[in-house]
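This report concerns only the one structure given below.
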Amino acid sequence: METDVIVIGAGGGGYPGAFRLARSGYKVVIIDPKGELGGNCLFSGCIPSKTVREIAQMVWRNNRILKSNLKPDFSVIQDHKDRVQEIRYMQHREELKEFRDNIELIRGKAKLIDNKTVEVEIENGIIEVKGRYLIIATGSEPVKPKFPGSEFAITSDDLYGYRTPLRRLPDDITIVGGGYIALETATILKALGYNVRLLVRSDKVLKGFESELVNTLLPLLGLEIMYNSPILEIKKIGEQEFEVFYSDGKGNKKSLKTGLVMLATGRKPVLPEGAGGILALDSKGHISVNDSMKTNLPNVFATGDVNGKAPYFHAAVRMSIAAAYNIMSNSTPMDYVDFKSIPVTIFTIPPASYVGIMPSEAERMGISFIEASYELKNDPMAQIYDEMGGVLKLYFERGSLRLIGAWIVGVHAGFVINELGQAVAHGLTARDLAEFADQHPTTNELIAYTARKVL
Ligand code: ADP
């Protein structure tokens, strides 16, 4: 079988670029063992976790504001989650019909033979596909460290996976890890009425995020976090009861009893077999690419989590589109991804978001900036929801007053950051932001209020 472009992996790094190429007349073969578009984001990641999150936030708001004591049946939430996933799978099947002349989706696992040849293991055999260009978008998967009893622990895939058998949860849950998936899930389950604790190996959570943002967010989450407590062992002591052994930091072995252990100990890239032999990798095993998404081989592109540049669905989509344009220009790049303008949100309850250059980085880079901030307690939305904690911070380059970065902790952070991302991407200044009439009452109004503080 011959085609113009082979796309390996049908997630955010894969199908948007395939659609773009198909629209311009390219023949594209997409390969994915799921046989559906959406990748891990739709199967077990962003969409299902955010479905559960939104319901958890509703419950949390309901219980606080209406002074009720709702503890929903988790299986009802899981049923709703599966329905949302099903709707999106159907939507993707409809989209594929539109491209039936140019895109073929093959259910199977791809193996790289060389930079133009892929072998696909399908249900009843193996087929060979040849393409002029390749986009590798095989994503990432949770790291599951091995220790005695680690087989008793689940990962986020078990909690959020499409049609997961996990429909009921015990009252007491232990989450191992201190990254954004650990914290998001901990606040989601806490909001749903479960007793949750975090076991964190080091003395820090949310490593890599700006410390002022983290220090503003953490007190609002009210989580039980056990720092310097690496997990050592899990023993099953009953039907849904486990004893978790950990080191208390002074080297003493301690234990606690819990009903479920979830490991949120990071994610690692998934490479198709054969990729490591012909493609340059970074020290963590990601496929190395430049900002045009090109690998060391001029006709091979790698997009999404597999390149380790920004492990978020919306970033993968942007990378996928860039790869498509650069294939259309015969690998002479005409599109580069500006990673600095891609917003990031930690979907805890409440959430936190940032975009652009953070102050610690600006200082390292020698960029002189002016900072302006606004407390969310003065924001009507924060007052309406009675979620008054949080801060918005804007950073403007001194002189030009161009917005170089921003972060927000608190209500609607994930919405507000999109507008700020546009501002960073297009070089808007404090004056531009100050003059824009954001709708009232929305938390976005704070952007103009805050920008006016530096004029
Ligand atoms: P991203 O958002 O980075 O594009 P995702 O993790 O959402 O990535 O999706 C990656 C997809 O790649 C998954 O659906 C997975 O099944 C698929 N995949 C992984 N390995 C292979 C392979 N060897 N062949 C084909 N598809 C693969």
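Keep in mind that the numbers below use all heavy atoms, side chains included, and drop hydrogens, waters and symmetry copies. The chain is numbered in sequence order, starting from 1. Every number for a ligand or one of its atoms is a count from 1 in the order of the listing.
Interface atoms of ligand 1 facing Gly108, defined by a heavy-atom separation under 4.0 Å, are 25 (C). In the vicinity of Lys34, heavy-atom distances shorter than 4.0 Å reach the ligand 1 atoms 13 (C), 14 (O), 15 (C), 16 (O). Each of the atoms 2 (O), 4 (O) of ligand 1 lies under 4.0 Å from some heavy atom of Gly12. Listed by number with element, the atoms of ligand 1 under 4.0 Å from a non-hydrogen atom of Asp32 are 11 (C), 12 (O), 13 (C), 14 (O), 15 (C), 16 (O), 17 (C), 25 (C), 26 (N). For ligand 1, the atoms lying closer than 4.0 Å to a non-hydrogen atom of Ala316 are 2 (O). Listed by atom number, the atoms of ligand 1 under 4.0 Å from Cys41 heavy atoms are 7 (O). Using a 4.0 Å cut-off to heavy atoms of Ser140, the atoms of ligand 1 that qualify are 6 (O). Shown in contact with Gly9 at under 4.0 Å from a heavy atom are these atoms of ligand 1, numbered in order with element: 11 (C), 12 (O), 17 (C), 26 (N).
In terms of polar-atom proximity, defined here as any N/O pair under 3.5 Å, Gly13 does make such a contact with ligand 1.
For the pair Pro311 and ligand 1, no heavy-atom separation below 4.0 Å is found.
Taking atom 26 (N) of ligand 1 as the reference point, the nearest protein heavy-atom neighbour is Pro33 CD, 3.2 Å. When only non-hydrogen protein atoms are considered, atom 8 (O) of ligand 1 lies nearest to Gly139 CA, 3.4 Å. The protein heavy atom nearest to atom 20 (N) of ligand 1 is Thr138 CG2, 3.4 Å. Closest protein heavy atom to atom 3 (O) of ligand 1: Asp305 N, 2.7 Å. Shortest contact from atom 7 (O) of ligand 1 to any protein heavy atom: Asn40 N, 2.9 Å. Nearest protein neighbour of atom 23 (N) of ligand 1, counting heavy atoms only, is Ala110 O, 3.0 Å.
At a cut-off of 3.5 Å, with distance as the only test, a side-chain donor of Arg267 or Ser140 sits close to an acceptor on the other residue. Neither side chain, Asn228 nor Asp203, offers a donor N or O lying under 3.5 Å from an acceptor on the other. In the model, Asp172 has a side-chain atom that pairs as donor or acceptor with a side-chain atom of Asn195 under 3.5 Å. Using a 3.5 Å distance cut-off with no hydrogens or angles, the side chains of Thr332 and Asn330 do not pair a donor with an acceptor.
Annotation: ring-ring contact (aromatic ring centres under 6.0 Å, His included) contacts involving residues 123-176, sequence neighbours excluded, comprise Tyr89-Tyr162, Phe152-Phe242.
In this structure, Asn326 contributes its side chain and Ala322 its backbone to a donor-acceptor pair below 3.5 Å.
Under the 6.0 Å distance and 45° angle rule, Lys34 counts as a cation-pi partner of Phe43. Relative to the ring axis of Tyr325, Arg20 does not place its NZ or CZ within 45° and under 6.0 Å from the centre.
When each of Asn307, Val289, Val300 is paired with Ile136, the side-chain contact (heavy atoms from CB on, under 4.5 Å) condition holds for Val300 and for no other.
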In sequence, state the C-alpha distance, the side-chain angles, and the governing distance for Lys340 and Ile357, and then conclude on side-chain contact (heavy atoms from CB on, under 4.5 Å).
CA-CA 7 Å; Lys340 280 286 163 236; Ile357 298 171; 3.7 Å; yes
